[in-house]
Structure formats: structure tokens, C-alpha cells
Amino acid sequence: MTSLRQTLRSLPVFDRSLPTFDTSDAPEEPVALCLDWLRHAIGADVPEPHAVTLSTVDAHGAPDARVLILKDVDVTGWYFASSADSAKGVQLAQQPKAALSSYWPLLGRQIRVRGVVSDAGSEAAGADFLARSLDARAEALLGRQSQVRPDGEDAAAQLAAARRRLEAAPDSVASSWRLYVLQPREVEFWQAAVTRRHTRLRYRSEGGAWVRQELWA
């Protein structure tokens, strides 16, 4: 029988045409390049190009990671939303630093961001909450994210009740909802190559300016 190790080793990697990355044409700051790559991914019909992995640490310094949806990117940083009572919300309150990564397999591209996380404010959080679907708002209104669900608890009935509350008061916003912004201190762009001579370009914030450095793959 073929072992899992053999099966994994036999899987194809970067066996398709991939875009090139000329670092000499890269902009002076990382946001413009991120937006260019993100729009490229959208135009290339990459599935869920706005799905990103957010990594945090808990009170004991143990790492934690999950996939969520990127809400926006601008000169301030990378935006994502969650309940302040969720595991990541609690972790960010204790240690407001995080890493965020995007990976688009069809393009062989990855973006890694590290920095400090802050609250974007109640107005921005409210606008984000109201832009969510009814079912997504109902889930958030329950405020149960990451909590253990006891056996026999009727989740469907509770969600239905939350939907009725929102239908009666459509402007309601969950009090725990937050829009967070990761303000980057370091951003890396990684482009795969069929030859395995991958290209890596890192932007590092130093003294209020961005320093660009190419890295060995």
C-alpha cells in the first residue's frame, strides 16, 4: 500500500503557468502592491480571494489560527471583523498583535502581514455589521461564537429568534461586534515559480518609511 507520505510527495506542485513578479517594478509601499495582487486574483477567478488566515496568540503565548474574510485594505492597514467575545477577540484584547496571510494556489502567490491590531471604532463596526447577511447578523447577535454548545440545545430555534429580532429592528448591531485593523510593520510578497526559484520581497517599516528587501526563497 502507498503510504500517506508517498502520496503527499507525489502530489503535483506549481505544475501550471504562473505569473511573474519583477521586484524592480514594485511600488515603494506595500498597500499598492497588495491591492494589485488582490485585484489580479479576483480577475483570475480565484475562489474566495478574500479568504485570509489570521494568527494570534493566547494568554499563554500559544499560537492560534483561523480563516476569515478580509474586509478592506487601505493605507491604515488590513481590516477584518469579529465578536470581541470570540477566542480571537479575547486574544487580541490580551495581546494586540497578529499575523495575516493570503494564499492563492492558482497563481502561486502569497502575502504575509505582521503588525499591531487596533479597533476601528463603533461607527465602522456598525457599518460592517449591517452589511452582513441576515443569517450572519443573527449568528453574531447570539454572541455564542467559540463557546461550547451543550447537547440538546436547539440552535435552530435560537437563530430563528435572533432573525425575528433583527427583522423587527433591522438597524440593530451586536454590542460585541468589532471591526479590527491590522497596521502592518512587515509585509512579504511571495511568488512561486515552476523552477522553484521563488521570488520573495519584504517591506519593513523602519523610522516611518518602508524598506524593501529581497529574500532567499
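Reckoned from all heavy atoms, side chains included, excluding hydrogens, waters and symmetry mates. A quick note: this is a predicted structure, and the numbers were derived from the prediction, not measured.
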(Q) Could you check whether Arg66 pairs with Asp64 (Lys NZ or Arg NE/NH1/NH2 to Asp/Glu carboxylate O, under 4.0 Å)? (A) yes
Q: Would you mind reporting whether Val173 and Leu130 have side-chain heavy atoms less than 4.5 Å apart?
A: yes
Q. So which of Val181, Val113, Leu182, Leu35 actually passes side-chain contact (heavy atoms from CB on, under 4.5 Å) with Val73?
A. Leu35
Q) Is the number of heavy atoms from other residues, nucleotides or ligands within 6.0 Å of CZ (Arg112) greater than 12? A) no
Q. Of the non-hydrogen atoms in Val211 and Glu206, which two are nearest, and what is the gap between them?
A. CG2-OE1, 3.7 Å
Q. Mind checking whether Val13 and Leu8 sit in one hydrophobic cluster, side chains of I, L, V, M, F, W, Y counted as touching below 4.5 Å?
A. no
Q: Mark yes when over 12 heavy atoms from residues, nucleotides or ligands other than Arg9 sit less than 6.0 Å from its CZ; otherwise mark no.
A: no
Q: Compute whether any side-chain donor of one residue and acceptor of the other, for Thr56 and Gln91, lie under 3.5 angstrom apart.
A: yes
Q.
Quick check for you: to the nearest 0.5 Å, what is the distance between His198 atom NE2 and Leu215 atom CG?
A. 13.5 Å
Q.
Would you say Asp128 and Tyr79 are linked by a side-chain donor-acceptor pair, where the criterion is simply a distance under 3.5 Å?
A. no
Q: Could you tell me the separation between the CH2 atom of Trp104 and the CD atom of Gln191, rounded to the nearest 0.5 Å?
A: 10.5 Å
Q. Taking the six-membered ring of Trp210, is the NZ or CZ of Arg204 close enough (under 6.0 Å from the centre) and on axis enough (within 45°)?
A. no
Q) Val52 and side-chain contact (heavy atoms from CB on, under 4.5 Å): which partner among Ile69, Ile111, Leu100? A) Leu100
Q) Taking the six-membered ring for Trp, are Tyr180 and Trp78 ring centroids under 6.0 Å apart? A) no
Q.
Tell me whether Arg114 at atom CZ has more than 12 heavy atoms from other residues, nucleotides or ligands lying less than 6.0 Å away.
A. no
Q: Supply the atom-to-atom distance Leu141 CG to Arg163 CZ, rounded to the nearest 0.5 angstrom.
A: 11.5 Å
Q) What is the minimum heavy-atom distance between Arg212 and Ala26, and which atoms define it? A) NH1-O, 2.6 Å
Q | Salt-bridge contact Glu188-Arg202 (side-chain N to carboxylate O under 4.0 Å) | A | no
Q. In this structure, are over 12 heavy atoms from other groups packed under 6.0 Å from Glu123 atom CD?
A. no
**Q.** Beyond-backbone contact of Ser205 with Glu186, side-chain heavy atoms, under 4.5 angstrom
**A.** no
Q. When you look at Trp37 and Leu107, which way does the side-chain contact (heavy atoms from CB on, under 4.5 Å) test go after all the steps?
A. CA-CA 10 Å; Trp37 278 27; Leu107 303 176; over 6 Å; no
Q | Reported OG-to-CD distance for the pair Ser172 and Glu167, which is rounded to 0.5 angstrom | A | 11.5 Å
(Q) For Gln95, run the side-chain contact (heavy atoms from CB on, under 4.5 Å) check against Val57, Val117, Asp58 and tell me which one passes. (A) Val57
Q: For Ser24 and Asp22, test the side chains for any donor-to-acceptor distance below 3.5 angstrom and give the result as yes or no.
A: yes
Q: For the residue pair Trp190 and Phe14, categorise the inter-ring angle as parallel (less than 30°), tilted (30 to 60°) or perpendicular (more than 60°).
A: tilted
Q.
Does Arg185, at its CZ atom, have more than 12 non-hydrogen atoms belonging to other residues, nucleotides or ligands within less than 6.0 Å?
A. yes
Q.
Rounded at 0.5 Å granularity, tell me how far CG in Leu159 sits from CZ in Arg164.
A. 10.5 Å
Q.
Can you confirm whether the side chains of Thr2 and Thr7 place a donor and an acceptor under 3.5 Å from each other?
A. no
Q) Does the side-chain contact (heavy atoms from CB on, under 4.5 Å) test come out yes or no for Arg132 and Trp177, once each step is laid out? A) CA-CA 12 Å; Arg132 292 164 63 84; Trp177 196 249; 3.4 Å; yes
Q) Does atom CD of Glu48 have more than 12 heavy-atom neighbours, drawn from other residues, nucleotides or ligands, at distances under 6.0 Å? A) no
Q. If you measure from CG on Asp45 to CG on Leu106, what distance do you get to the nearest 0.5 Å?
A. 9.5 Å
Q: Give a yes or no on this: more than 12 heavy atoms of other residues, nucleotides or ligands lie within 6.0 Å of atom NZ of Lys71.
A: yes
Q. Would a 4.5 Å heavy-atom cut-off, applied to side chains only, mark Leu179 and Phe80 as touching?
A. no
